[in-house]
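Note: hydrogens, waters and symmetry copies are ignored here, and every other heavy atom, side chains too, is used. In what follows, every chain begins at residue 1, and chains take the letters A, B, ... in the order their sequences are listed.
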2 protein chains.
Amino acid sequence: METDKRIVNAMAELLRVQGYAATGIQQLARAAKAPTGSIYHHFRGGKREVAAAALRQTGAVYIQVLPMLLDEHADLATGVEAAFAAAAEDIENTGWANMCPVGTVTGEIADTEPELREVAAEVLTSWVEEGTRYLAGRGLSGTDARALTYALISALEGAFILARGQRSTEPLLAAGRAMAAYTATLPAGASPSSGEKVGPSGADFGEGVGGF
Amino acid sequence: METDKRIVNAMAELLRVQGYAATGIQQLARAAKAPTGSIYHHFRGGKREVAAAALRQTGAVYIQVLPMLLDEHADLATGVEAAFAAAAEDIENTGWANMCPVGTVTGEIADTEPELREVAAEVLTSWVEEGTRYLAGRGLSGTDARALTYALISALEGAFILARGQRSTEPLLAAGRAMAAYTATLPAGASPSSGEKVGPSGADFGEGVGGF
DNA sequence: GTCTATATTTGGATAGAC
DNA sequence: GTCTATCCAAATATAGAC
């Protein structure tokens with residue numbers, strides 16, 4: 001693989017495990033099997049620019065996860081609960097490792113790294129837009145689709161933190177039940193097979209991406 | 001104030017703003033107006049031990065917030081939505097500053113600092129127990145009370161992250177609506193004035209505690 | 001107990017040979 | 001473009017005067 005790709009992938013992995021501040025350039029160089037000088041050759045902006053690239057890449061990968069999981073169930077509320085249950089199983093099976101760096105890094109740098117915060121905001125916005133589009137395709141109104149998307153991402157990110165902290169699937173399962181109950185109260189949750197598929201198909205998670 | 005209290009308060013504030021890894025001992029000493037030597041005199045375990053003390057202190061303070069907010073409304077679902085709306089207003093008014101360090105720090109250190117992770121887990125568990133006790137007092141069954149508590153904390157922590165990242169109250173409002181709808185589906189949500197009050201009264205947030 | 005000074009290591013970043 | 005060597009500032013932690 002090209003050096004710059006290796007650097008970005010290694011950064012994404014380190015961000016996932018230990019966050020931004022705790023990740024050093026030398027550690028990154030070791031993980032990417034590249035000398036420190038190469039990092040600054042490919043990323044003039046140093047650590048910050050590498051982290052930004054890693055966040056964008058991860059965001060583009062994970063944007064496909066939720067639609068893919070929900071597509072498997074005809075009933076939307078059932079799909080929501082199943083998606084949280086799948087996340088719970090995954091996080092337990094990987095030894096309570098973090099699933100995705102975006103939430104962790106956002107919380108860490110939102111008040112101290114304006115440029116990275118903007119990148120994180122872009123990624124989150126892309127998730128919301130994609131989720132809203134998908135849920136509208138499943139029959140929800142535009143406002144309901146957007147509100148549900150925000151609630152789903154919030155509950156998922158928060159439950160991930162509790163689950164990792166407590167080493168328990170209970171937060172994810174409880175959040176899933178809650179979001180499923182909320183989904184069931186929304187009008188017109190249609191089957192995914194009414195008309196054509198709306199979610200992106202053939203999700204390809206690449207090579208260096210851990211989790212899920 | 002005594003030196004050790006100043007150190008813990010300063011650490012709590014720094015954790016809230018920039019997390020654990022980004023917080024240095026010298027920065028902490030400056031913020032606490034104490035020389036670095038004093039920190040190691042009072043906390044043999046160094047940075048880690050100070051952070052543990054700060055997490056425990058913050059946890060004890062925030063355990064009173066949710067019951068206090070929910071007590072203001074006779075209808076539980078209404079109270080839930082109002083609590084999220086209040087959080088949204090607070091975070092916007094404070095310039096999107098972090099409200100509470102526990103979630104942020106937990107995400108940051110869950111895979112790398114076992115001792116701090118255990119402290120965070122204890123704090124989260126105490127929140128869950130207190131929330132469950134309160135909601136059971138409002139008429140929910142034990143299992144429903146516990147599941148709702150987990151879902152509420154998860155949604156709140158996750159929505160905080162999205163709100164800070166996007167500088168928007170929308171995630172908190174959407175999460176609040178979702179959790180209110182879920183709450184309304186649970187049987188027997190009683191009024192807080194049926195019988196005596198169950199929440200801790202006279203919440204005192206101390207002096208050096210930001211947010212809320 | 002408080003505080004100064006410092007030991008030691010590691011941080012991000014750069015210059016320049018190849 | 002790759003990689004080595006290194007600069008300088010900052011990190012955690014300690015020793016010891018007061």
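Going from atom CG of B/Leu28 over to atom P of D/dA11 covers 11 Å, rounded to whole Å. Note: CD1 (B/Ile39) to P (D/dA15) measures 17 Å, nearest angstrom. What separates OH of A/Tyr40 from P of D/dT2 is a distance of 16 Å, to the nearest Å. Regarding B/Ile25, its CD1 atom lies at a distance of 5 Å from the P atom of D/dT12, rounded to whole Å. Atom-to-atom, NE2 of B/His41 to P of C/dC3 comes out at 11 Å; the value is rounded to the nearest Å. The interatomic distance linking B/Arg6 (CZ) with C/dT2 (P) rounds to 9 Å, in whole Å. Between the CD atom of A/Gln26 and the C1' atom of D/dC3 there is a distance of 14 Å, rounded to whole Å. What separates CZ of A/Arg30 from P of D/dC3 is a distance of 16 Å, to the nearest Å.
Along DNA chain C, the nucleotide nearest to A/Gln27 and the one nearest to A/Arg44 differ in position, and the one closer to the 5' end is contacted by A/Gln27. Along DNA chain C, the nucleotide closest to B/Ser38 and the one closest to A/Ala22 are compared, and the more 5′ of them pairs with B/Ser38.
The A/Lys47 side chain lies nearest to C/dG12 when the options are C/dT14, C/dG12, C/dT2.
Side-chain atoms of B/Arg16 and B/Thr104, non-hydrogen and from C-beta on, never get closer than 4.5 Å to each other.
Counting non-hydrogen atoms of neighbouring residues, nucleotides and ligands closer than 6.0 angstrom, the CD atom of A/Gln27 exceeds 12 such neighbours.
For the pair B/Glu49 and B/Arg44, the salt-bridge criterion is not met [side-chain N within less than 4.0 Å of a carboxylate O].
Here A/Thr3 lies in heavy-atom contact (under 4.0 Å) with sugar-phosphate atoms only. Residue A/Gly37 is in base contact, counting any heavy-atom pair closer than 4.0 Å across all strands shown.
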- Message: Quick one, A/Gln18 with B/Asp111, criterion side-chain contact (heavy atoms from CB on, under 4.5 Å). Give me CA distance, side-chain angles, the key distance, then yes/no.
- Response: CA-CA 7 Å; A/Gln18 58 186 22; B/Asp111 293 338; over 6 Å; no
